Amino acid sequence: MTERRVALRTLGAARDPGESLTATVRVTIDGEPVRLEVTMPSGPVALDELVPVLHGLAELMATLGAERAQAAGQAISCRKGCGACCRQPVPITDSEALWLARRVRELPEPRRSELRGRFDAALSQLDAAGVLAPLRSPAELEGPEVSRLGRAYFEVGVPCPFLEDESCSIHAERPLACREFLVTSAPEHCAAPSDERVVRVPLPAHAFRALRSLDARTRASAGWTTLVLALEHAGKASPIEQQSLAWLRDVLTELGTPKQPAREGGPG
């Protein structure tokens, strides 16, 4: 079987090519050999700086899942302009909250203020509907409560602050949960979160679960919040640093993929 090769980079490595390293890792995913070449900043980094690496891993898992669905004669029905799933309480990890908040801070005006205004408006709507308070305490929610809260959130009809013309305005930097949500059922079924006709594409592994688990373990927290609370939550989640290769090993361990040890390459 031909080895699949995937190159992943962090933005930090892209900005500082003289201070980066390339780690090569061979993993086996559902029997398929994959060679990951990950370019990262050398030395200690905050976990949220490696979010782009998780983006790449999520894309890989989604690609593998989509290929298997298509091989079974199923077509992926997700398309640009279908924003039904963008009105759900999208879960994001602590690290993703820090990542997204930094992306918003770096935007020029008036775009930055425009987005902040959308976040504020969404929180006001959810607060008026009595949905905001439980969203702020995810650690206190259990399975059935999460489902009920998701339906209540959906009924308020609050769009993601990044949704524009029913399309994602940050598609390249969208959250892990969004990357991992693929369906083969008719798009209209996604308009009702409890519709049992929604058929999701099974994935070999989930990057969101891996990062959520790692965030929860290293921060002693629930490890996640919802996207609409990203800016607020980021102010409470402090960056945690360690060597970039150590983070990569932790991520792959949480992902649950058998692997060969990473090895350093030259500067990227």
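Since the model is a prediction, treat every value here as computed from it, not as a measurement. Just the heavy atoms: all of them, side chains too, but no hydrogens, waters or symmetry mates, feed the values below. The first residue of the sequence shown is numbered 1, and numbering continues consecutively from there.
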Any donor-acceptor pair under 3.5 Å linking the side chain of Ser77 with the backbone of Ser185?
-> yes
Between Ser221 and Asp215, do the side chains contain an N or O donor and an N or O acceptor separated by less than 3.5 Å?
-> no
Please name the pair of heavy atoms, one in Ala101 and one in Leu231, separated by the smallest distance, quoted to 0.1 Å.
-> CA-CD2, 3.7 Å
For Arg118, does the CZ atom have more than 12 heavy-atom neighbours from other residues, nucleotides or ligands under 6.0 Å away?
-> yes
Are Leu229 and Leu163 grouped together when hydrophobic residues (ILVMFWY) are joined by side-chain heavy atoms under 4.5 angstrom apart?
-> no
Quiz item: cation-pi between Arg102 and Trp99, 6.0 Å / 45° = no
Please report the closest heavy-atom contact between Gly65 and Leu203, naming both atoms and the distance.
-> CA-CD2, 4.0 Å
Is it true that Glu166 and Arg79 make a salt bridge, defined as a side-chain N closer than 4.0 Å to a carboxylate O?
-> no
Atom pair CE (Met40) and CH2 (Trp247), whose distance is rounded to the nearest 0.5 Å = 12.5 Å
Indicate the atoms forming the closest heavy-atom contact of Pro33 with Thr2, along with that distance.
-> CG-O, 4.1 Å
Hey, are the side chains of Glu59 and Met61 touching, using non-hydrogen atoms and a 4.5 Å cut-off?
-> no
Taking all non-hydrogen atoms of both residues, which atom of Arg111 and which atom of Ser169 are closest, and how far apart?
-> NH2-OG, 3.4 Å
Test side chain to side chain contact (heavy atoms under 4.5 Å, CB included) on Tyr153 and Val228 and set out the steps.
-> CA-CA 11 Å; Tyr153 186 110; Val228 74; 3.6 Å; yes
d(Ser124 OG, Leu132 CG) to nearest 0.5 Å is 8.5 Å
With side chains defined as the heavy atoms from C-beta onward, is the minimum distance between Val6 and Leu8 less than 4.5 Å?
-> yes
Hey, could you give me the CG/CG distance between Leu21 and Leu245, rounded to the nearest 0.5 Å?
-> 5.0 Å
Determine, using the 4.5 Å side-chain heavy-atom cutoff (strictly less than), whether Leu60 and Ile76 are members of one ILVMFWY cluster.
-> no
Would you say Val38 and Leu47 are hydrophobically clustered, going by side-chain heavy atoms of ILVMFWY under 4.5 Å?
-> yes
Drop me the distance from His233's NE2 to Thr226's OG1, to the nearest 0.5 angstrom.
-> 9.0 Å
Glu96 side chain to Leu176 main-chain N or O, any donor-acceptor pair under 3.5 Å?
-> yes
Mind running salt bridge (Lys or Arg N to Asp or Glu O under 4.0 Å) on Arg26 and Glu3 for me, showing each step along the way?
-> CA-CA 9 Å; Arg26 285 184 170 85; Glu3 182 182 64; 3.1 Å; yes
Closest heavy-atom contact between Cys85 and Phe181?
-> CB-CE2, 4.1 Å
Using a distance-only test with no angle check, is there a side-chain donor-acceptor pair under 3.5 angstrom linking Thr39 and Thr22?
-> yes
If you measure from OG on Ser238 to CZ on Arg219, what distance do you get to the nearest 0.5 Å?
-> 7.5 Å
Gap between atom CD1 of Ile170 and atom CD of Glu173 - 0.5 Å precision | 6.5 Å
List the steps, then state whether side chain to side chain contact (heavy atoms under 4.5 Å, CB included) holds for Asp30 with Leu64.
-> CA-CA 9 Å; Asp30 276 5; Leu64 292 172; over 6 Å; no
State, without any angle test, whether Glu254 and Ser213 hold a side-chain donor-acceptor pair at a distance under 3.5 Å.
-> yes
Do the side chain of Arg68 and the main chain of Thr63 share a donor and acceptor less than 3.5 angstrom apart?
-> no
Do the non-hydrogen side-chain atoms of Val183 and Val201 ever get within less than 4.5 Å of each other?
-> no
Heavy-atom donor-acceptor pair, Trp224 side chain to Pro138 backbone, under 3.5 Å | no
Centroid-centroid under 6.0 Å between Phe119 and Phe162 rings | yes
Side chains of Glu241 and Val45 in contact at under 4.5 Å (non-hydrogen atoms) | no
Sub-3.5 Å donor-acceptor pair from the side chain of Thr28 to the main-chain atoms of Gly31, do we have one?
-> no
Apply salt bridge (Lys or Arg N to Asp or Glu O under 4.0 Å) to Arg174 and Glu180, showing your working.
-> CA-CA 10 Å; Arg174 66 195 187 283; Glu180 296 175 343; over 6 Å; no
Could you state whether Leu54 and Ile240 fall into the same hydrophobic cluster, counting links through intermediate Ile, Leu, Val, Met, Phe, Trp or Tyr residues with side-chain heavy atoms under 4.5 angstrom apart?
-> yes
Consider only side-chain heavy atoms of I, L, V, M, F, W and Y, link residues closer than 4.5 Å, and tell whether Val90 and Val104 are in one cluster.
-> yes
Taking side chain as C-beta onward, heavy atoms only, is Pro41 less than 4.5 Å from Ser20?
-> no
Cys190/Arg197 under side chain to side chain contact (heavy atoms under 4.5 Å, CB included): CA gap, chis, key distance, verdict = CA-CA 9 Å; Cys190 292; Arg197 293 171 294 179; over 6 Å; no
Could Arg112 and Glu114 be called an ion pair, given the rule that one side-chain N must be under 4.0 Å from one carboxylate O?
-> no
Salt bridge between Glu109 and Arg116, side-chain N to carboxylate O under 4.0 Å?
-> no
Heavy-atom side-chain proximity of Arg200 to Thr184 below 4.5 angstrom | no
Given side chains that start at C-beta, do those of Gln242 and Pro44 come closer than 4.5 Å, heavy atoms only?
-> no
Given side chains that start at C-beta, do those of Pro89 and Leu126 come closer than 4.5 Å, heavy atoms only?
-> no
Taking all non-hydrogen atoms of both residues into account, name the closest pair between Arg179 and Ala172 and its distance.
-> NH2-O, 2.7 Å
Evaluation steps, salt bridge (Lys or Arg N to Asp or Glu O under 4.0 Å), between Glu67 and Arg4 | CA-CA 13 Å; Glu67 288 176 353; Arg4 186 188 297 254; 2.9 Å; yes
Between Glu49 and Thr10, is a side chain to side chain contact (heavy atoms under 4.5 Å, CB included) present by the stated rule, with each step listed?
-> CA-CA 7 Å; Glu49 292 183 64; Thr10 68; 5.9 Å; no
